[in-house]
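As structure tokens, the structure follows; a few thoughts come after it.
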There are 2 protein chains.
Amino acid sequence: MRYGSGHKEETRRKILDIAGRRFRDEGIEAVGVASLMADAGLTHGGFYAHFKSKDELVATALDQSMCESSDRIFDLAEQTSDKIGTFIRAYLSPTHRDTPGKGCTFSALTPELARQDGSVRATASEALPPYLDRIGRLLPTTDPASARRQATALFSLLMGSLQLARLTEDPALSDSILESGIKAALNLVSVFEGV
Amino acid sequence: MRYGSGHKEETRRKILDIAGRRFRDEGIEAVGVASLMADAGLTHGGFYAHFKSKDELVATALDQSMCESSDRIFDLAEQTSDKIGTFIRAYLSPTHRDTPGKGCTFSALTPELARQDGSVRATASEALPPYLDRIGRLLPTTDPASARRQATALFSLLMGSLQLARLTEDPALSDSILESGIKAALNLVSVFEGV
DNA sequence: GCGTTAATATGATGATCATCATATAAACAC
DNA sequence: GTGTTTATATGATGATCATCATATTAACGC
């Protein structure tokens, strides 16, 4: 049947939003087209009116979720005086650990993304440098090259800590992983400052 | 047909070795039973004489590969005087980056492991603390509790750096991620020492 | 050497996968 | 109001998935 104007655009956006969340929650390969469409209240057939393949959806959804996924954390950090400290604490918060579908795409999917090729891999690969530079701008460092280097190591630490905190089934260990990640990250930043 | 004694044990070992490597190279979900058996020179039917389900294979293969996957790096580190420096440099070497199938299971699979449940998840979860303690023993720190804390942050940084180095398609960026990871890790260790 | 046993092969099961052809029916143009 | 257009639904395709029943055949016990 036919729907009012703008309906298709809205459906497409809905599919993309759900895909972005479910990919982070369940992994890209684990989310099927039919299940995704059902989640959007539709049947599987209409999918190819919106995307010419699952790969195109994946690339598009990633392009969106890699930009947006950490927006709230960045927004929060950019509003405070201790920008990088706020970012570190928000990134390694229990809330972020417990809601991967709403959180950082890199922490949820990085090894799976590294195994992709074509446009999916390219999208993931190209999203990294701007993300690192965005972290770099939270640092007190003025030199962009050293900000990039510092942001790279800092983000590696944050992403690794979040992943390990999600891996363990022991809640106390999980909390302590977040805590040691925060401490080390703050240490790392202060060491940067001293150099 | 029937085979000589010991043949079945050897086949089982072969399946486990290939599974451990391929899971790290391709992801757990991406490796099918039939393709795995073909890789071992067998057909799919015999699989269930060795494992009662794919999940049992996954748990068993992970149990093996999480112990063994970093053995060479640990062995190398434990033989040198600068144990932790050697470990850091070996973990973040281009060789390790380029051969995930022979490398650290955590760095290859962590987010996918965190999404599992049952015995697979339990195996992954239980392998983490001994791994962290093994790193802790490379540190100059004598107090086991603080060694554990330091090892946790250090390993987070190493794993995150390796994953990001594998993610990017830009070889120069990939190398620089390894380098900044090494520098920050060495920094982190010297900060630990100062405390 | 003959019957039993054991390791793998063959082939089938039903489920799910991405993808596509076609049907439907309501909104729009006139 | 009638006919066209369009967004989605229905249903089918062939591929692959984990799993299992059964066939094969060589090694072993006697």
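Naming: A, B, ... by sequence-line order, numbering from 1 per chain. What's counted below: heavy atoms across the whole structure, side chains too, no hydrogens, waters or symmetry copies. Fair warning: this is a prediction, and the values are worked out from it, not measured in the lab.
Nucleic acid contact class of B:G45 (heavy atoms, under 4.0 Å, all strands): base. Counting non-hydrogen atoms under 4.0 angstrom, A:S35 reaches nothing in the nucleic acid. If you check every strand for non-hydrogen atoms under 4.0 Å, B:Y3 touches sugar and phosphate atoms only.
For A:F51 and D:dA7, the CZ to P distance is 14 Å, given to the nearest whole Å. With rounding to whole Å, A:E29 atom CD is found 12 Å from D:dT16 atom C1'. In this structure, A:E10 atom CD and D:dT6 atom P are separated by 19 Å, rounded to whole Å. The distance from atom CD of A:E56 to atom C1' of C:dT19 is 14 Å, rounded to the nearest whole Å. One atom, CZ of B:F47, and another, P of C:dT10, lie 18 Å apart when rounded to the nearest Å. One atom, CG of B:L36, and another, C1' of D:dT16, lie 15 Å apart when rounded to the nearest Å. If you measure from atom NZ of A:K8 to atom P of C:dA25, you get 20 Å, rounded to the nearest angstrom. For B:M37 and C:dT10, the CE to P distance is 12 Å, given to the nearest whole Å.
Considering only the side chain of B:K54, D:dA18 comes nearest among C:dC20, D:dA7, D:dA18.
A ring-ring contact (aromatic ring centres under 6.0 Å, His included) check over residues 44-64 of chain A, counting only residues at least two apart or in different chains, returns the pairs A:F47-A:F51.
Of the two residues near DNA chain C, B:A49 and A:G32, the one whose nearest nucleotide lies more 5' is B:A49. Residues B:H44 and A:H50 each lie close to DNA chain D; by heavy-atom proximity, the contact nearer the 5' end of the strand is made by A:H50.
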Let me have DNA chain D in dot-bracket notation, would you? Count Watson-Crick plus G-U wobble pairs, both distances under 3.5 Å, and use [ ] for pairs crossing earlier ones and | for inter-strand partners. ||||||||||||.||||.||||||||||||

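Contact between the side-chain N/O atoms of B:H7 and the OP1/OP2 oxygens of C:dT8 is found at a separation under 4.0 Å. Between A:Y48 and C:dC20, a side-chain N or O to OP1/OP2 separation shorter than 4.0 Å is absent. Between A:T11 and D:dT8 there is a side-chain N or O to OP1 or OP2 distance below 4.0 Å.
A:R166 and A:S107 form a side-chain donor-acceptor contact under 3.5 Å, judged by distance and modelled atom types alone. For B:S65 and B:R21, the side-chain atoms include no donor-acceptor pair closer than 3.5 Å. Counted by atom type alone, B:Q64 and B:D17 present one or more donor-acceptor pairs between their side chains at under 3.5 Å.
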Begin with the C-alpha distance, continue with both residues' side-chain angles, and end with the deciding distance and a verdict on side-chain hydrogen bond (donor to acceptor under 3.5 Å, both in side chains) for A:R97 and A:S174. CA-CA 9 Å; A:R97 173 194 61 197; A:S174 183; 2.9 Å; yes

Test log, rule side-chain hydrogen bond (donor to acceptor under 3.5 Å, both in side chains), inputs B:E56 and B:S119: CA-CA 8 Å; B:E56 189 186 282; B:S119 64; over 6 Å; no

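Here the two rings, on B:F155 and B:F87, have centers that are 6.0 Å apart or farther.
Counting heavy atoms from C-beta outward, B:S125 and A:L167 have side chains that stay 4.5 Å or more apart.
Not a single donor-acceptor contact under 3.5 angstrom links the side-chain atoms of B:R2 to the base of D:dT25.
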